[in-house]
Amino acid sequence: MMEDLWDMFCGSNIGGKSCIYDFKLLSDPSTCINHALVIGFDILLLVMLLFIMIQKSLSRTVHPPFRQRGFSVLQIVSAIVNGCLGCVYLCMGTWILEEKLRKEKHVFPLDWWLLELGQGFTWLLVGLSVSLQLRDLPRAPVRLLSVLVFLFAGTCCAVSLFSVIVGKEVSIKVAVNVFSFPGAVLLLLCTSKGYKFEEIERESDGSDLYTPLNAEYNGVNKSVSVDTVTPFAKAGFSSTLSFWWLNPLMKRGKQKTLKDEDIPKLREADRAKSCYFLFLEQLNRQKQSDPSSQPSVLRTILLCHRKEILISGFFALLKVLALSAGPLLLNAFILVAEGKESFKYEGYVLAMILFLTKITESISQRQWYFRSRLIGLKVRSLLTASIYKKQLRLSNAARLMHSGGEIMNYVTVDAYRIGEFPFWFHQTWTTSLQLCIALVVLFHAVGLATFASLVVIVLTVLCNTPLAKLQHKFQSGLMVAQDDRLKASTEALVNMKVLKLYAWETHFKNVIENLRKVECKWLSAVLLQKAYNTFLFWSSPVLVSAATFGACYLLKIPLYANNVFTFIATLRLVQDPIRMIPDVIGVVIQAKVAFARILKFLEAPELQSASVRGSRISKNVSTSIFIKSANFSWDEHSLRPTLTNINVEVRPGDKVAICGEVGSGKSTLLAAVLGDVPNTQGSIEVCGKIAYVSQTAWIQTGTIQENILFGSAMDSARYQETLERCSLLKDLELLPHGDLTEIGERGVNLSGGQKQRLQLARALYQNADIYLLDDPFSAVDAHTATSLFNEYVMGALAHKTVLLVTHQVDFLPAFDFVVLMTAGKILQAAPYHHLLSSSQEFQELVNAHKETAGSERLADVTSAQKQGNSSREIRKNYVEKQFQASKGDQLIKQEEREIGDAGLKPYLKYLNQNKGYILFSVAVLSHLTFVIGQISQNSWMAANVENLRFSKLLLILIYLVLGFASTLFLLTRSLAIVAMGIQSSKSLFSQLLNSLFRAPMSFYDSTPLGRILSRVSSDLSIVDLDVPFSFIFAIGATSNACASLVVLAVVTWQVLFVSFPMIYIALLLQRYYFASAKELMRINGTTKSFVANHLAESVAGAVTIRAFEEEDRFFLKNLDLIDINASPFFHNFAANEWLIQRLEAVSAIVLASSALCMVLLPPGTFSSGFIGMALSYGLSLNMSIVFSIQNQCTLANYIISVERLDQYMHLPAEAPEVIEGNRPPLNWPAVGKVEIHDLQIRYRPDTPLVLRGITCTFEGGHKIGIVGRTGSGKSTLIGALFRLVEPAGGKIIVDGLDITRIGLHDLRSRFGIIPQDPTLFNGTVRFNLDPLSQHSDKEIWEVLGKCQLRESVQQKEEGLDSLVVEDGSNWSMGQRQLFCLGRALLRRSRILVLDEATASIDNATDLILQKTIRTEFADCTVITVAHRIPTVMDCTMVLSISEGKLVEYDKPTNLVKREGSLFGQLVNEYWSHFQSAESH
């Protein structure tokens, strides 16, 4: 009975022998006794598993519910490996059984197929149960089971290897047995590590048990923010290699739209702070090792990242080696297909090796790219940080060289280009190495003919050398042109209000358009160069094959399928790196140019302010400021210093006033104390903490509270007192969110007076020792000025050192001494009365004030009462409700970005520009023709290489003709793309520019400048340079990948069974990826604006930041913003690698399946030529798919820039500039009569009215004064006259014409205005007075004489061509206001508006100016908004506004006499403060 069973199991022929229990039989895996033992062990393992499962179901212990945690990487890898092993065993068992039934019609003996099926079931059940259900199973039995499996697999593996060594024969069975050992090792690791994780998790869960409840109770919602560090920081080796750590973010991106707070922070080592300080440390080390020479920044950066560069270099090398193994495997495959096997089952081994090399290639390339991009990110961060740090310390001379727009460009464009460079760094040597290896493989295949290909490759590279130099020149030219355009754009955008008031937008827009034309010339040169390079390198494989096959023919080298297709496969693998050579050259050149520009900036001279700010020592020093016979000069190399022979000694607690005419050097003296002006001679010492209030208010974007605290801790009592002292309480009551109201950029939603008081509050809160106040009272009305002077200067700063620059003579008697300046010298410094009696100039200044005050004229109507202001009396004041929305609605909105999949919209937007889709279609068709040409070329070779009917010459000739014909289409493709790119760029820019220049002022008031600038700089740069070629590369790479798949499928159709599911998986993966990637790229775009905004703001407020010594705080904030921007960028490129790695695994499976098909089917099924062709395409399939997806992702990322430009291309526009059917007569307005009927103004829909029904008439030729408290609506009325804001109701009629019926240009160009903020533009004096070139030099000199500027301009060598730098910062504030007067005098309008035009001018100059205006505009209507009451005393009529309503409108003399008149009150206040000054 037993023997019968044994015969059924083993077969009768070896029945007798099989019962001999010999070690040899036991150790031979093909013997029956061995099989019986293995099956017995399988049954034992399955019984143990059953026992464990029963124990699990009987177990009553309930585990606490853990947080849902997915499987670990180890568990998943273990499940996959053991599952695959089980499947292979099952397939083998099924195949053996099927063969037995087919051939022998019975199933005996049982041992072989039973063994394989038993092994299969055991591995599947044990492997998957232990790997995936680990946490639910009892610990001890599972550990025992895994140890038994490990011992069993180890024994099988050892036995199999022993039999291979003895028998020198390999079988699939043996191979699978060997592979079962790693599977068992993984199981063992799973059980030991998995339980360890469970313990840790249990501990943490125990402690966190009540956390969610507490968090909810405390009002903290944990799900709101994922304030975690990226999982990459703690990722293990396998997780890093497989990008497994990214899965949680990708999953979150699929489940919901990602927001800023969903993105984890960078790990510590990758943050800007770490990178910057590491860079500094290296720089200092180099300085110490060689103090004499300037350390190289490039070398320092390389030293900082040498370890990462070497690691990524190692992966690059590994990738090249794995890739180069492909053609050798192909050669072996063709030999196997021809029946020339070296050993049995060689085909299977080759298929396995092919799969493994492809996976190795994939992992190494992904790590290389990922690590390189990470280096690029760190380099970009440290450069951005260095640029920011540098601009805070830039000297004045350097500021003239590097304008704000250029500094912005260094960060948004140059640092970005350098950050791209490390990604391409290894391409420079890997391409060469790959070529060398390829040449060795080629030599192996075609012998001496290789030298022909070498010659062609060398010639191609040599052809490109002169072009690389040209490209460098073009790239530099493009960068300079870009800078010029950005400079002009920045200036126009910052001063848009002034351009609109003067109706100069069209002119400035034309200037920018002309600069853009120059930029486009350089751009087309750069793009054509790129197109030529692309053509050269894409066609080089054709030239190489032409030369090589020609040489083969001449040298009589035989052509067989295996050597021809080894050659073609090698060429296909090398052609992608060769095609990238132009990109590599381009990137290297771009980085070189950008690096040179940044380096020049980083080496620019810095301020030496540390030497001025002396010892911050104890408070008992005898002097606060001590200047001895010092000269100061803005330009260190100038022969004439700005300030000469300055001697000042200020003791602690002194109050010093500085006065003098316009341009006498008052502000420069304060700048010298701050250390901003180089000291060329003598000495200066400053002791104590400084607070500074600048003449033009610098307000940060943020809340009012943030602006006042300015980095200090909140102290409620001090804060409250500060608000009271600066008369801010009333203003805060009227703002929608009190002191938490967001202020727009440059304080747009505050009036001039509010901005100054906010600055004063900021200074007071800092509790400094020395206060430098640069004419802070010029922007507020008389009453507020008095209140501020008493409360603030004499009250809050009673024991502080104060230096006050002022034109208001009334305050001077209260000071300890007065410094009188003229022409850069101190004329005299003495107490007020001493000066009055001894100095003629000072007497003139005071008399001029009395004259403007008009004391004689008013003495009879005003009985001045001296009013004392107690510190608690806060003046009543109504704030202009500018841009204030209802509760909860702040002025500055979050930056808008598209959400979700925008589909093809942005692509079509780009292609629709100037019929770009026609050119795009031409390019696509040309490329498809090229691909078809290549396939037909290779098919011809595959079909006829072994065909003896064709001579070798004919074979090669037809091959070459097809090749050369297809390259012509490449040229067409390149030229069409360049044409499309330039057309689209031009069209997008002109639409963007038109939209921005036609946008209403409300857009500029609620949009931070950085948002607009990041679009006209970095986004536009991407659209110009990157988008056009990305389009064709995406289409090109995708068509190449499709071509490879088609060729594989045509030759081995069986592979379609694998291909279709794989393509489906690939598409699913891509969709899964895009859900997160698009949002990451968009967030990257919006966070880039934060960096740009902060930089623009810091450039503008550098003086204030330095004065308060807040550089470090601003620098740290900048580092934070860099990281906030870097994190989405980091996760975006990591996601890119995540996707490609998975796609590469898919393509490796397709290729290995295809190879397996060729092996499994009997020899002779395919001709060796077609096998060669299929595999040569298959080997490059991996690369084609990668390039395809990579280019698609790159394009999807770049197209976000088109999306962002599009957001600002359709802004709501102002009314038309010109209405053709309704143009005013040429001499309009002839009389200058202005009628205002029930005028109502609101700034935005749903906001309260700012002007509430004002009705009055200004007769032609009258002089009208508009008065009112700060923020009562005076400037709004002027805005309405110029239609900066459209009326919500009512109308304004000028000389019978309703101003809303005519075009804006016609309206604004006929009025004259001297605006509140005097603005000068970059250029010359002539350009600033007459940008439209409508007047002769003679007229301009005449006007300069009238507005007291002739002398200042004549002193400069170039006269009218003298330089005016950005913001006019090389002219004093008063001089800038005089320039604005000059513009008005040149324009000669019938209606002139003075919006607090003489606020920054001393009284003497003011007097002359008032006379000039009176004589020059004698018969014109002059509307004056004034804070100084004397300015409006000689007006025909005075209009008083309060809370947006007209309170009174009459002659000033009548109003003063009227009981309860607002104007009368203002006059009384003014007089009280004037007389209190007199009585001192």
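Since the model is a prediction, treat every value here as computed from it, not as a measurement. We number each residue from 1, following the sequence as shown.
The backbone N or O of L303 lies less than 3.5 Å from a partner atom in the side chain of R306, making a donor-acceptor pair. Remark: side-chain polar atoms of S1201 are not paired, donor with acceptor, to backbone N or O of V1023 under 3.5 angstrom. Judged purely by atom type and a 3.5 angstrom limit, R1015 uses its side chain to pair as donor or acceptor with the backbone of R1204. A donor-acceptor contact shorter than 3.5 Å is absent between the side chain of S1127 and the backbone of I1124. Under the 3.5 Å distance criterion, the side-chain polar atoms of S362 are left unmatched by any main-chain donor or acceptor of K358. Distance alone, capped at 3.5 Å, places no donor-acceptor pair between the S1076 side chain and the Y1073 backbone. Under the 3.5 Å distance criterion, the side-chain polar atoms of S974 are matched with a main-chain donor or acceptor of L970. Using a distance-only test at 3.5 Å, with no hydrogens or angles considered, a donor-acceptor pair links the side chain of R271 to the main chain of L266. Checked by atom type and distance alone, the side chain of R485 pairs as donor or acceptor with a backbone atom of V1016 at under 3.5 Å.
With rounding to the nearest 0.5 angstrom, the CD1 atom of I387 is 11.5 Å from the NZ atom of K390. R285 CZ to L280 CG: the interatomic distance, rounded to the nearest 0.5 Å, is 12.0 Å. Note: K473 NZ to I589 CD1 = 13.0 Å, rounded to the nearest 0.5 Å. Taken from CG in L382 to CD1 in I1122, the straight-line distance is 9.0 Å, to the nearest 0.5 Å. The distance from the CD1 atom of I1035 to the NE2 atom of H927 is 9.0 Å, given to the nearest 0.5 Å. Note: D1026 CG to F1033 CZ = 10.5 Å, rounded to the nearest 0.5 Å.
Proximity of R973 to F930: side-chain heavy atoms (C-beta onward) are nowhere separated by under 4.5 Å. Side-chain contact between L543 and T967 is absent, with no heavy atoms from C-beta onward closer than 4.5 Å. You'll find the side chain of L1025 reaches within 4.5 Å of the side chain of R417, heavy atoms only. Looking only at side-chain heavy atoms (C-beta outward), M479 and D414 come within less than 4.5 Å of each other. Two residues are said to be in side-chain contact when any heavy atoms from C-beta on lie closer than 4.5 Å; Y276 and F1115 meet this criterion. Side-chain atoms of V413 and Q482, non-hydrogen and from C-beta on, do get closer than 4.5 Å to each other. Taking 4.5 Å as the limit, every side-chain heavy atom of W522 sits out of range of all side-chain heavy atoms of V480. Two residues are said to be in side-chain contact when any heavy atoms from C-beta on lie closer than 4.5 Å; I1199 and M1081 fail this criterion.
Applying the side chain to side chain donor-acceptor pair (under 3.5 Å) rule to N409 yields the partners D483; only residues at least two apart in sequence or on another chain are considered.
Nearest heavy-atom pair across S1188 and A1041 is CB-CB, 4.2 Å. Of all heavy-atom pairs spanning S312 and I309, the tightest one is OG-O, 3.0 Å. Across A415 and I598, no two heavy atoms sit closer than the pair N-CD1, 3.8 Å. Annotation for D1024 and S985: closest pair OD1-OG, 2.8 Å, computed over non-hydrogen atoms. The minimum heavy-atom distance linking N1118 with A385 is given by the pair ND2-CA, 4.0 Å. Summarising the geometry of L486 relative to G405, their closest heavy-atom pair is CD2-O, 3.5 Å, with the distance given to 0.1 Å.
Atom NZ of K592 sits in a sparse spot, with 12 or fewer heavy atoms from other residues, nucleotides or ligands closer than 6.0 Å. The environment of F451 atom CZ is sparse: at most 12 non-hydrogen atoms of other residues, nucleotides or ligands sit within 6.0 angstrom.
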Side chain to side chain contact (heavy atoms under 4.5 Å, CB included) between M250 and L1139, worked out: CA-CA 10 Å; M250 302 300 281; L1139 171 71; over 6 Å; no
For L377 and L374: C-alpha separation, side-chain torsions, deciding distance, then whether side chain to side chain contact (heavy atoms under 4.5 Å, CB included) applies. CA-CA 5 Å; L377 173 78; L374 183 55; 4.1 Å; yes
D270 and R371: CA distance, side-chain angles, deciding distance, salt bridge (Lys or Arg N to Asp or Glu O under 4.0 Å) verdict: CA-CA 11 Å; D270 302 334; R371 285 164 192 277; over 6 Å; no
Start with the C-alpha distance between F595 and F421, add both sets of side-chain angles, then the distance that settles ring pair (Phe, Tyr, Trp, His ring centres under 6.0 Å), and finish with yes or no. CA-CA 11 Å; F595 199 74; F421 173 68; 9.2 Å; no
Take F243 and Q367 through the test side chain to side chain contact (heavy atoms under 4.5 Å, CB included) and record every step on the way to the result. CA-CA 9 Å; F243 294 97; Q367 287 302 315; 3.8 Å; yes
Any chance you could lay out the side chain to side chain contact (heavy atoms under 4.5 Å, CB included) test for R1142 and W1138, step after step, and finish with the verdict? CA-CA 7 Å; R1142 278 141 187 77; W1138 177 93; 3.3 Å; yes
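Side chains of E420 and Q590: a donor-acceptor N/O pair is absent below 3.5 angstrom, by distance only. Side-chain N/O atoms of T357 and E361 include no donor and acceptor closer than 3.5 Å. In summary, the side chains of S372 and H426 do not present any donor paired with an acceptor at a separation below 3.5 Å, with no hydrogens or angles considered. S1017 and T412 share a donor-acceptor pair across their side chains, judged by distance under 3.5 Å alone. No side-chain donor from either of S1030 and T1194 sits under 3.5 Å from a side-chain acceptor of the other.
For the side-chain hydrogen bond (donor to acceptor under 3.5 Å, both in side chains) criterion with H1131, the lone passing option out of N1084, T230, N1136 is T230. A side-chain hydrogen bond (donor to acceptor under 3.5 Å, both in side chains) with T300 is found for exactly one of Q286, H305, Q282, namely Q286. Under the ring pair (Phe, Tyr, Trp, His ring centres under 6.0 Å) test applied with Y410, the options F601, Y416, Y388 reduce to a single match, F601. Partner of V978 under the side-chain contact (heavy atoms from CB on, under 4.5 Å) criterion, out of T534, L528, V526, L523: L528 alone.
Aromatic rings of F370 and F315 (six-membered ring for Trp) have centroids beyond the 6.0 Å cut-off, not under it.
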